[in-house]
A.B. asks: 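Here it is, the structure in full.
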Number of protein chains: 2
Amino acid sequence: MVVRQELSDDEVNRIFRALADATRRDIVRRTLVEEVSVSQLADAYAMSFAAVQKHVAVLEEAKLVTKQPRGRERMVRGDLARIRQAQRLLDQFEQLWRSRIDRLDLVLDDTH
Amino acid sequence: MVVRQELSDDEVNRIFRALADATRRDIVRRTLVEEVSVSQLADAYAMSFAAVQKHVAVLEEAKLVTKQPRGRERMVRGDLARIRQAQRLLDQFEQLWRSRIDRLDLVLDDTH
DNA sequence: GTATTTTACAACCAAATGGTTGTACGACAG
DNA sequence: CTGTCGTACAACCATTTGGTTGTAAAATAC
(Lines give C-alpha, C1' and ligand atoms only; values in the text may rest on other atoms or scores of the structure.)
Protein backbone atom coordinates (compact mmCIF):
# COMPACT_ATOMS: atom_id res chain seq x y z
CA MET A 1 0.00 0.00 0.00
CA VAL A 2 2.01 2.92 -1.31
CA VAL A 3 1.13 6.40 -0.10
CA ARG A 4 -0.12 8.41 -3.06
CA GLN A 5 2.19 11.39 -3.63
CA GLU A 6 0.90 14.15 -5.94
CA LEU A 7 -0.25 16.80 -3.54
CA SER A 8 -2.28 19.67 -4.94
CA ASP A 9 -0.98 23.22 -4.57
CA ASP A 10 -3.68 23.78 -2.01
CA GLU A 11 -2.63 20.80 0.09
CA VAL A 12 0.99 21.91 0.00
CA ASN A 13 -0.06 25.43 0.98
CA ARG A 14 -1.91 24.05 3.98
CA ILE A 15 1.02 21.90 5.09
CA PHE A 16 3.55 24.74 5.08
CA ARG A 17 1.05 27.26 6.41
CA ALA A 18 0.31 24.94 9.32
CA LEU A 19 4.03 24.61 10.06
CA ALA A 20 4.53 28.39 10.00
CA ASP A 21 3.46 28.87 13.62
CA ALA A 22 5.51 28.02 16.71
CA THR A 23 2.54 26.83 18.76
CA ARG A 24 1.42 24.51 16.00
CA ARG A 25 4.94 23.12 15.53
CA ASP A 26 5.01 22.43 19.25
CA ILE A 27 1.66 20.64 19.06
CA VAL A 28 3.03 18.46 16.25
CA ARG A 29 6.08 17.62 18.36
CA ARG A 30 4.04 16.69 21.40
CA THR A 31 1.56 14.59 19.45
CA LEU A 32 4.28 12.78 17.52
CA VAL A 33 5.66 11.58 20.83
CA GLU A 34 2.32 10.51 22.29
CA GLU A 35 -1.41 10.95 21.91
CA VAL A 36 -2.60 14.07 23.70
CA SER A 37 -6.12 15.37 24.27
CA VAL A 38 -7.06 18.86 23.13
CA SER A 39 -7.57 19.99 26.73
CA GLN A 40 -4.15 18.65 27.72
CA LEU A 41 -2.67 20.69 24.87
CA ALA A 42 -4.65 23.73 25.94
CA ASP A 43 -3.14 23.49 29.43
CA ALA A 44 0.33 23.78 27.88
CA TYR A 45 -0.11 27.19 26.28
CA ALA A 46 -0.90 30.68 27.52
CA MET A 47 -3.99 31.06 25.37
CA SER A 48 -7.64 30.09 25.47
CA PHE A 49 -8.91 26.58 24.87
CA ALA A 50 -10.67 27.81 21.73
CA ALA A 51 -7.42 29.21 20.33
CA VAL A 52 -5.68 25.86 20.79
CA GLN A 53 -8.69 24.14 19.28
CA LYS A 54 -8.25 26.31 16.18
CA HIS A 55 -4.56 25.48 15.92
CA VAL A 56 -5.41 21.79 16.07
CA ALA A 57 -8.03 22.34 13.37
CA VAL A 58 -5.43 23.97 11.10
CA LEU A 59 -3.10 21.03 11.64
CA GLU A 60 -5.94 18.60 11.00
CA GLU A 61 -6.85 20.29 7.70
CA ALA A 62 -3.20 19.99 6.73
CA LYS A 63 -3.42 16.32 7.75
CA LEU A 64 -0.40 16.81 10.02
CA VAL A 65 -2.43 15.43 12.91
CA THR A 66 -5.51 13.24 13.24
CA LYS A 67 -8.12 13.40 15.96
CA GLN A 68 -10.05 10.48 17.36
CA PRO A 69 -12.69 10.46 20.08
CA ARG A 70 -11.99 8.72 23.35
CA GLY A 71 -14.90 9.18 25.68
CA ARG A 72 -15.52 12.90 25.88
CA GLU A 73 -11.97 13.69 24.88
CA ARG A 74 -10.47 14.09 21.40
CA MET A 75 -7.07 12.50 21.22
CA VAL A 76 -4.65 14.21 18.84
CA ARG A 77 -1.93 12.24 17.15
CA GLY A 78 0.82 13.60 14.90
CA ASP A 79 1.08 12.04 11.44
CA LEU A 80 4.67 11.30 10.50
CA ALA A 81 3.73 10.30 6.95
CA ARG A 82 2.67 13.87 6.27
CA ILE A 83 5.95 15.22 7.61
CA ARG A 84 7.73 12.89 5.24
CA GLN A 85 5.66 14.16 2.34
CA ALA A 86 6.77 17.68 3.22
CA GLN A 87 10.37 16.46 3.26
CA ARG A 88 9.91 14.99 -0.19
CA LEU A 89 8.68 18.36 -1.41
CA LEU A 90 11.85 20.01 -0.18
CA ASP A 91 13.85 17.18 -1.77
CA GLN A 92 12.34 18.15 -5.10
CA PHE A 93 13.84 21.62 -4.76
CA GLU A 94 17.19 20.07 -4.04
CA GLN A 95 16.89 17.79 -7.07
CA LEU A 96 16.07 20.77 -9.23
CA TRP A 97 19.15 22.56 -8.01
CA ARG A 98 21.22 19.45 -8.66
CA SER A 99 19.93 19.26 -12.22
CA ARG A 100 21.31 22.72 -12.82
CA ILE A 101 24.76 21.61 -11.74
CA ASP A 102 24.47 18.60 -14.00
CA ARG A 103 23.69 20.83 -16.94
CA LEU A 104 26.59 23.13 -16.15
CA ASP A 105 28.91 20.13 -15.92
CA LEU A 106 27.59 18.93 -19.26
CA VAL A 107 28.50 22.20 -20.93
CA LEU A 108 31.92 22.44 -19.30
CA ASP A 109 32.93 18.81 -19.83
CA ASP A 110 31.51 18.51 -23.31
CA THR A 111 34.22 17.51 -25.79
CA HIS A 112 32.46 18.39 -29.07
CA MET B 1 32.88 27.31 7.90
CA VAL B 2 29.90 25.53 9.33
CA VAL B 3 26.48 27.07 8.83
CA ARG B 4 25.10 28.07 12.19
CA GLN B 5 21.90 26.16 12.88
CA GLU B 6 19.67 27.41 15.72
CA LEU B 7 16.96 29.29 13.92
CA SER B 8 14.65 31.45 16.00
CA ASP B 9 10.93 30.69 16.01
CA ASP B 10 10.46 33.81 13.96
CA GLU B 11 12.92 32.71 11.30
CA VAL B 12 11.29 29.30 11.08
CA ASN B 13 7.89 30.94 10.81
CA ARG B 14 9.12 33.03 7.90
CA ILE B 15 10.61 30.05 6.09
CA PHE B 16 7.46 27.95 6.20
CA ARG B 17 5.19 30.93 5.64
CA ALA B 18 7.19 31.81 2.53
CA LEU B 19 6.84 28.26 1.23
CA ALA B 20 3.08 28.25 1.82
CA ASP B 21 2.29 29.93 -1.50
CA ALA B 22 2.37 28.27 -4.93
CA THR B 23 3.72 31.35 -6.73
CA ARG B 24 6.55 31.69 -4.23
CA ARG B 25 7.43 28.01 -4.46
CA ASP B 26 7.59 28.42 -8.22
CA ILE B 27 9.89 31.43 -7.85
CA VAL B 28 12.17 29.36 -5.65
CA ARG B 29 12.24 26.58 -8.24
CA ARG B 30 13.06 28.94 -11.09
CA THR B 31 15.76 30.78 -9.17
CA LEU B 32 17.38 27.57 -7.93
CA VAL B 33 17.89 26.58 -11.56
CA GLU B 34 19.26 29.94 -12.70
CA GLU B 35 19.46 33.59 -11.73
CA VAL B 36 16.35 35.43 -12.86
CA SER B 37 15.55 39.15 -12.73
CA VAL B 38 12.43 40.36 -10.94
CA SER B 39 10.92 41.56 -14.21
CA GLN B 40 11.56 38.20 -15.86
CA LEU B 41 9.75 36.58 -12.95
CA ALA B 42 6.90 39.09 -13.25
CA ASP B 43 6.44 38.11 -16.92
CA ALA B 44 5.85 34.52 -15.84
CA TYR B 45 2.79 35.16 -13.67
CA ALA B 46 -0.67 36.57 -14.24
CA MET B 47 -0.28 39.31 -11.68
CA SER B 48 1.20 42.77 -11.40
CA PHE B 49 4.91 43.48 -11.19
CA ALA B 50 4.41 44.87 -7.70
CA ALA B 51 2.73 41.66 -6.55
CA VAL B 52 5.67 39.58 -7.76
CA GLN B 53 8.02 42.06 -6.14
CA LYS B 54 6.24 41.45 -2.84
CA HIS B 55 6.52 37.69 -3.21
CA VAL B 56 10.24 38.06 -3.81
CA ALA B 57 10.48 40.27 -0.73
CA VAL B 58 8.78 37.59 1.39
CA LEU B 59 11.23 34.98 0.10
CA GLU B 60 14.12 37.34 0.73
CA GLU B 61 13.06 37.95 4.34
CA ALA B 62 12.92 34.18 4.76
CA LYS B 63 16.40 34.07 3.20
CA LEU B 64 15.17 31.53 0.68
CA VAL B 65 16.43 33.79 -2.10
CA THR B 66 19.01 36.55 -2.36
CA LYS B 67 18.89 39.56 -4.65
CA GLN B 68 21.89 41.24 -6.19
CA PRO B 69 21.95 44.26 -8.51
CA ARG B 70 23.09 43.85 -12.05
CA GLY B 71 22.74 47.13 -13.90
CA ARG B 72 19.20 48.28 -13.38
CA GLU B 73 18.02 44.74 -12.76
CA ARG B 74 17.88 42.78 -9.52
CA MET B 75 18.93 39.21 -10.06
CA VAL B 76 17.18 36.71 -7.81
CA ARG B 77 18.91 33.51 -6.82
CA GLY B 78 17.46 30.65 -4.78
CA ASP B 79 19.43 29.66 -1.68
CA LEU B 80 19.70 25.91 -1.34
CA ALA B 81 21.30 26.15 2.09
CA ARG B 82 18.06 27.54 3.48
CA ILE B 83 16.05 24.74 1.90
CA ARG B 84 18.37 22.30 3.62
CA GLN B 85 17.84 24.05 6.94
CA ALA B 86 14.11 23.56 6.47
CA GLN B 87 14.74 19.90 5.77
CA ARG B 88 16.72 19.62 8.98
CA LEU B 89 13.77 21.08 10.86
CA LEU B 90 11.51 18.38 9.49
CA ASP B 91 14.16 15.80 10.32
CA GLN B 92 13.92 16.89 13.95
CA PHE B 93 10.24 15.95 13.95
CA GLU B 94 11.14 12.58 12.56
CA GLN B 95 13.82 12.07 15.20
CA LEU B 96 11.33 12.94 17.89
CA TRP B 97 8.92 10.35 16.58
CA ARG B 98 11.72 7.82 16.42
CA SER B 99 12.61 8.50 20.07
CA ARG B 100 9.09 7.52 21.01
CA ILE B 101 9.48 4.17 19.29
CA ASP B 102 12.79 3.68 21.05
CA ARG B 103 11.17 4.27 24.40
CA LEU B 104 8.35 1.87 23.59
CA ASP B 105 10.90 -0.76 22.61
CA LEU B 106 12.73 -0.15 25.84
CA VAL B 107 9.61 -0.88 27.88
CA LEU B 108 8.65 -3.93 25.86
CA ASP B 109 12.12 -5.46 25.71
CA ASP B 110 13.01 -4.69 29.25
CA THR B 111 13.87 -7.83 31.16
CA HIS B 112 13.58 -6.54 34.71
C1' DG C 1 19.46 65.07 -24.87
C1' DT C 2 14.67 62.11 -24.49
C1' DA C 3 12.38 57.73 -24.04
C1' DT C 4 12.09 53.22 -22.11
C1' DT C 5 13.05 49.61 -18.71
C1' DT C 6 13.40 48.08 -14.22
C1' DT C 7 12.90 48.75 -9.75
C1' DA C 8 11.15 50.85 -5.21
C1' DC C 9 7.63 52.17 -2.44
C1' DA C 10 3.27 54.17 -0.72
C1' DA C 11 -1.67 53.88 -0.37
C1' DC C 12 -5.49 51.28 -0.63
C1' DC C 13 -8.66 47.12 -0.37
C1' DA C 14 -10.83 42.45 0.56
C1' DA C 15 -9.98 38.21 2.66
C1' DA C 16 -7.56 35.32 5.85
C1' DT C 17 -5.32 34.70 10.39
C1' DG C 18 -4.91 34.35 15.29
C1' DG C 19 -6.78 35.60 19.06
C1' DT C 20 -11.01 36.52 22.29
C1' DT C 21 -15.71 35.56 24.78
C1' DG C 22 -20.09 33.28 25.07
C1' DT C 23 -23.34 29.54 24.40
C1' DA C 24 -24.61 24.74 23.96
C1' DC C 25 -24.23 19.88 24.36
C1' DG C 26 -22.61 15.09 25.17
C1' DA C 27 -19.88 12.20 28.55
C1' DC C 28 -18.72 11.19 33.03
C1' DA C 29 -18.78 11.69 38.38
C1' DG C 30 -21.14 12.13 42.68
C1' DC D 1 -30.60 13.81 38.81
C1' DT D 2 -27.29 17.40 38.98
C1' DG D 3 -22.87 19.23 38.27
C1' DT D 4 -18.51 19.35 36.01
C1' DC D 5 -15.40 18.41 32.16
C1' DG D 6 -14.17 18.39 27.35
C1' DT D 7 -15.50 19.83 23.14
C1' DA D 8 -17.85 22.38 19.27
C1' DC D 9 -19.02 26.42 17.24
C1' DA D 10 -20.54 31.21 16.44
C1' DA D 11 -19.55 36.05 16.74
C1' DC D 12 -16.44 39.45 17.15
C1' DC D 13 -11.95 42.07 16.69
C1' DA D 14 -7.14 43.63 15.28
C1' DT D 15 -3.50 42.48 12.35
C1' DT D 16 -1.49 40.32 8.37
C1' DT D 17 -1.71 38.83 3.70
C1' DG D 18 -1.98 39.09 -1.18
C1' DG D 19 -3.45 41.65 -4.42
C1' DT D 20 -4.18 46.40 -6.84
C1' DT D 21 -2.87 51.26 -8.81
C1' DG D 22 0.02 55.25 -8.90
C1' DT D 23 4.26 57.91 -8.45
C1' DA D 24 9.21 58.43 -8.58
C1' DA D 25 13.95 57.42 -9.57
C1' DA D 26 18.03 55.05 -11.53
C1' DA D 27 20.07 52.60 -15.56
C1' DT D 28 20.01 51.76 -20.27
C1' DA D 29 18.70 52.65 -25.21
C1' DC D 30 18.06 55.65 -29.08
Side-chain angles (χ1 to χ4, degrees), chain A residues 8-31 34-78 86, chain B residues 8-31 34-78 86:
Chain A
S8 71
D9 275 353
D10 212 65
E11 285 176 301
V12 179
N13 291 353
R14 274 192 247 269
I15 292 171
F16 286 125
R17 189 79 198 70
L19 291 172
D21 180 280
T23 301
R24 286 195 294 259
R25 285 193 300 276
D26 197 64
I27 291 175
V28 170
R29 281 185 214 104
R30 287 172 189 266
T31 59
E34 59 184 347
E35 276 195 350
V36 188
S37 72
V38 179
S39 54
Q40 281 178 306
L41 287 172
D43 289 341
Y45 308 106
M47 67 184 74
S48 68
F49 175 85
V52 174
Q53 225 178 3
K54 281 193 186 184
H55 282 306
V56 171
V58 169
L59 289 168
E60 206 181 2
E61 278 165 37
K63 297 198 167 75
L64 283 162
V65 305
T66 55
K67 235 175 13 175
Q68 57 187 14
R70 176 131 83 215
R72 64 185 149 188
E73 293 176 303
R74 297 294 179 273
M75 304 309 291
V76 183
R77 172 194 298 246
Chain B
S8 71
D9 274 353
D10 212 64
E11 286 176 301
V12 178
N13 291 352
R14 274 191 245 270
I15 293 171
F16 286 126
R17 189 79 198 68
L19 290 172
D21 179 280
T23 300
R24 287 196 292 260
R25 286 192 300 275
D26 197 64
I27 291 175
V28 171
R29 282 187 214 104
R30 286 173 189 265
T31 58
E34 59 185 346
E35 275 195 351
V36 187
S37 73
V38 180
S39 54
Q40 282 178 305
L41 286 172
D43 288 343
Y45 308 106
M47 67 183 72
S48 69
F49 175 84
V52 174
Q53 224 177 3
K54 282 194 186 182
H55 282 306
V56 172
V58 170
L59 289 167
E60 206 181 1
E61 278 165 39
K63 297 199 167 74
L64 283 162
V65 305
T66 55
K67 236 175 12 174
Q68 57 187 14
R70 175 132 85 215
R72 65 184 150 189
E73 292 176 303
R74 297 293 178 274
M75 305 307 292
V76 183
R77 173 194 297 247

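All chains are named by letter (A, B, ...) in the order of the sequence lines, taking the proteins before the strands, and each is independently numbered beginning at 1.
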A.B. asks: In Å and rounded to the nearest 0.5 Å, what is the CZ to CZ distance from R14(B) to R17(B)?
C.D. replies: 12.0 Å
A.B. asks: Have a look at R24(B) and say if it touches a base, only the backbone sugar-phosphate, or nothing, with a 4.0 Å heavy-atom cut-off.
C.D. replies: sugar-phosphate
A.B. asks: When the nearest nucleotide of DNA chain C is assigned to R72(A) and to A46(A) on a heavy-atom basis, which residue is associated with the more 5' position?
C.D. replies: A46(A)
A.B. asks: In whole angstrom, what separates E73(B)'s CD from dA27(D)'s P?
C.D. replies: 13 Å
A.B. asks: If I take atom CZ in residue R14(B) and atom C1' in nucleotide dT16(D), what distance separates them, rounded to the nearest angstrom?
C.D. replies: 13 Å
A.B. asks: More 5' along DNA chain D: K54(A) or R17(A), using each one's nearest nucleotide?
C.D. replies: K54(A)
A.B. asks: Provide, to the nearest angstrom, the distance between the OH atom belonging to Y45(A) and the C1' atom belonging to dG19(C).
C.D. replies: 16 Å
A.B. asks: CD1 of I27(A) to CD of E60(A): how many Å apart, nearest 0.5 Å?
C.D. replies: 11.5 Å
A.B. asks: Under 4.0 Å from OP1 or OP2 of dT20(D): is there any side-chain N or O of S48(B) that close?
C.D. replies: yes
A.B. asks: Within this structure, what is the CE-to-P distance between M47(B) and dG18(D), rounded to whole angstrom?
C.D. replies: 10 Å
A.B. asks: Distance check, rounded to the nearest 0.5 Å: T66(A) atom OG1 versus E35(A) atom CD?
C.D. replies: 7.5 Å
A.B. asks: Would you classify A50(A) as touching base, sugar-phosphate or nothing, given that sugar-phosphate means primed atoms plus P, OP1 and OP2, and contacts are heavy atoms under 4.0 Å?
C.D. replies: base
A.B. asks: What is the distance, to the nearest angstrom, from the CG atom on L59(B) to the P atom on dG18(D)?
C.D. replies: 11 Å
A.B. asks: Going from CG on N13(B) to CG on L19(A), what distance comes out if it is rounded to the nearest 0.5 angstrom?
C.D. replies: 10.5 Å
A.B. asks: Please confirm whether any donor atom in the side chain of R74(A) sits under 3.5 Å from an acceptor in the base of dT7(D), or the reverse.
C.D. replies: no
A.B. asks: Nearest heavy atom decides the nucleotide; on that basis, is D21(A) or G71(A) closer to the 5' end of DNA chain C?
C.D. replies: D21(A)
A.B. asks: Can you check the F49(B) CZ to dT6(C) C1' distance for me, whole Å?
C.D. replies: 6 Å
A.B. asks: State the CD-CD1 distance between E11(B) and I15(B), to the nearest 0.5 angstrom.
C.D. replies: 7.0 Å
A.B. asks: For the side chain of H55(B), counting heavy atoms from C-beta on, which of dG19(D), dT28(D), dA8(C) is nearest?
C.D. replies: dG19(D)
A.B. asks: Could you tell me how far apart E61(A) (CD) and dC9(D) (P) are, to the nearest whole angstrom?
C.D. replies: 12 Å
A.B. asks: Taking 4.0 Å as the cut-off, does a side-chain nitrogen or oxygen of Q53(B) come that near to OP1 or OP2 on dA8(C)?
C.D. replies: yes
A.B. asks: Between C1' on dT17(D) and CG on N13(B), what's the gap in Å once rounded to a whole number?
C.D. replies: 15 Å
A.B. asks: Identify whether any heavy atom of S37(A) sits under 4.0 Å from a base atom; if not, whether one sits that close to sugar-phosphate; answer base, sugar-phosphate or nothing.
C.D. replies: sugar-phosphate
